[in-house]
Amino acid sequence: MRQLFVAGNWKMRLNGRQSIRLAGRLRERVGDVTDVRLAVCPPFVYLKSVAELLSECSIDVGAQNMHAEEAGAFTGEVAGPMLLDVGCRYVILGHSERRHVFGETDEFINQKVLKALSLGLEPIVCGGETLSQREAVQTESVVSDQLKSGLAGVTAEQMAKVTIAYEPVWAIGTGRTATPQQAEDVHALLRALLTEMYGADVSADTVIQYGGSVKPENAAELMAMPNVDGALVGGASLEAASFEGIIRAAQSARK
Ligand code: PEP
């Protein structure tokens, strides 16, 4: 039985004061929610203060990225042990902006996934096709390849700590959402692939979030789909009211 999981990706959007204010509001509004798993992912520099503020409530904290090495001469990078040190439970890996803006490869993302798991961090492993790939009917092959390479070397046991996020690139930050059926089709495909890779039990327990312009207005219909197990939310996670709206939709869509 999967518990829905809603995570907010704050990207590089809020300053320190705004981050603390938003975290405080979320603590008040949804800090007691336990039937849906919740996380926020602030910028690195605010992780510690947000994690401290949320420490007594049910909202966990994740980072938006990490390096694959534990330490070393990697100027400007942040390592997994540092994320644990400041109170992170999760780390988003393979976000489309990391892939397409910063040129991260499937191999590099896989190294990070393996490192995160070995350290006890829970990765949210993202993938999704671009508009031109969708138009060229390549969605299936693109997301399948991303899933297989992202999870290479991950054991069935470790999958209990892995969340998958399907995020069509054309829907991220564009206001253009996949229809519930478009999302469900890809989620069902990913779940079938997980069954091939890990067997039916692991597959049935793996949370597959949808991400791409999720808002309170469309969250319920997306999460009503049988294989859509929550949301990875960018823009709508920056306001407490809209993030709460998505969380409430998840609560009523429990699977
Ligand atoms: C994201 O950043 O992962 C995302 C889905 O953004 P948005 O909700 O703004 O499309």
Side-chain angles (χ1 to χ4, degrees), residues 4-13 37 39-44 60-68 78 80 83 88-117 121-131 133-134 138-152 154 158-159 161-174 176-178 182-183 186-187 189-191 193-194 197 206-214 222-223 227-237 246:
L4 271 71
F5 179 20
V6 176
N9 174 10
W10 294 0
K11 308 198 186 190
M12 197 175 74
R13 298 246 193 242
R37 211 158 20 116
V40 293
C41 303
F44 286 130
D60 280 303
V61 171
Q64 299 172 19
N65 187 30
M66 63 171 239
H67 197 270
V78 173
L83 301 182
C88 285
R89 173 173 173 183
Y90 300 103
V91 57
I92 299 173
L93 296 174
H95 189 276
S96 77
E97 287 144 23
R98 298 305 315 175
R99 292 176 187 270
H100 298 291
V101 182
F102 297 98
E104 291 192 8
T105 62
D106 285 333
E107 292 68 31
F108 191 39
I109 293 160
N110 175 243
Q111 286 169 23
K112 296 181 189 204
V113 170
L114 295 174
K115 180 55 71 180
L117 288 167
L121 280 162
E122 300 182 37
I124 300 173
V125 185
C126 306
E129 80 288 2
T130 62
L131 186 57
Q133 288 166 332
R134 175 161 281 263
Q138 292 168 344
T139 300
E140 184 170 336
S141 63
V142 169
V143 298
S144 302
D145 289 350
Q146 286 170 337
L147 188 78
K148 281 189 245 172
S149 51
L151 297 181
V154 174
Q158 286 176 317
M159 282 302 292
K161 300 289 182 197
V162 174
T163 297
I164 305 299
Y166 167 56
E167 298 206 301
V169 180
W170 47 272
I172 298 179
T174 59
R176 188 174 162 191
T177 320
Q182 282 174 324
V186 178
H187 284 231
L189 172 94
L190 294 173
R191 196 165 316 277
L193 197 53
L194 288 170
M197 293 163 72
T206 303
V207 168
I208 308 179
Q209 296 174 319
Y210 168 78
S213 298
V214 178
L222 284 161
M223 290 190 262
N227 286 292
V228 178
D229 310 322
L232 180 54
V233 186
S237 72
I246 294 166

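The closest donor-acceptor contact from the side chain of D106 to the backbone of S149 lies at 3.5 Å or more, if one exists at all. Although no hydrogens or angles enter the test, the distance criterion places no donor-acceptor pair under 3.5 Å between the side chain of Q64 and the main chain of N9. Checked by atom type and distance alone, the side chain of D229 pairs as donor or acceptor with a backbone atom of I208 at under 3.5 Å. A donor-acceptor pair under 3.5 Å is absent between the side-chain atoms of T163 and the main chain of V207, judged by distance alone. Between the R99 side chain and the G128 main chain, no donor and acceptor come within less than 3.5 Å of each other. Using modelled atom types, no side-chain atom of T130 and backbone atom of V169 make a donor-acceptor pair closer than 3.5 Å.
Between A39 and F5, the shortest heavy-atom distance links the atoms CB-CE1, 3.8 Å. Taking both residues in full, the closest heavy atoms of C88 and A63 are given as SG-N, 3.9 Å, listed atom of the first, atom of the second, then distance. Pairing each heavy atom of R176 with each of W170, the nearest pair is NE-CE3, 3.9 Å. When every heavy atom of Y210 is checked against every heavy atom of A178, the shortest pair comes out as OH-N, 3.0 Å. Contact detail for G94 and I109: the closest heavy-atom pair is CA-CD1, 3.6 Å. The two atoms that bring L83 and V91 nearest to each other are CD1-CG2, 4.0 Å, heavy atoms only.
Side-chain contact check for Q111 versus L114: every heavy-atom pair is 4.5 Å or farther apart. Residues M159 and M197 have side chains not in contact (no heavy-atom distance under 4.5 Å, counting atoms from C-beta outward). When side chains are defined from C-beta on, K112 counts as touching N65, because their heavy atoms get closer than 4.5 Å. Between Y90 and K161, the closest side-chain pair of non-hydrogen atoms is not below 4.5 Å.
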**Request:** Carefully, step by step, assess I246 and M223 under the rule side-chain contact (heavy atoms from CB on, under 4.5 Å).
**Result:** CA-CA 10 Å; I246 294 166; M223 290 190 262; 3.9 Å; yes

**Request:** Decide yes or no on side-chain hydrogen bond (donor to acceptor under 3.5 Å, both in side chains) for Q138 and S141, but give the supporting numbers first.
**Result:** CA-CA 5 Å; Q138 292 168 344; S141 63; 5.9 Å; no

**Item:** Verdict with supporting geometry, V143 and L193, side-chain contact (heavy atoms from CB on, under 4.5 Å)
**Value:** CA-CA 10 Å; V143 298; L193 197 53; over 6 Å; no

**Item:** Audit row: M12, F44, side-chain contact (heavy atoms from CB on, under 4.5 Å) steps and yes/no
**Value:** CA-CA 9 Å; M12 197 175 74; F44 286 130; over 6 Å; no

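Atom-to-atom distance recorded for I92:CD1 and L232:CG is 5.0 Å, nearest 0.5 angstrom. Annotation: the span from Q146 atom CD to E167 atom CD amounts to 10.5 Å, rounded to 0.5 Å. How far CG of L190 is from CD of E140: 9.5 Å, rounded to the nearest 0.5 Å. Rounding to the nearest 0.5 Å places CD1 of I172 at 11.5 Å from OG1 of T177. Interatomic distance, L151 CG to N110 CG, rounded to the nearest 0.5 Å: 8.0 Å. In this structure, the separation between CG on L189 and OH on Y166 is 9.5 Å, given to the nearest 0.5 Å.
Using cut-offs of 30° and 60° for the angle between ring planes, the H67 and F108 rings count as perpendicular.
Scanning for salt bridge (charged side-chain N to carboxylate O under 4.0 Å, His left out) contacts around E97 gives K11, with sequence neighbours left out. With sequence neighbours excluded, the residues satisfying salt bridge (charged side-chain N to carboxylate O under 4.0 Å, His left out) with R89 are D60, E122.
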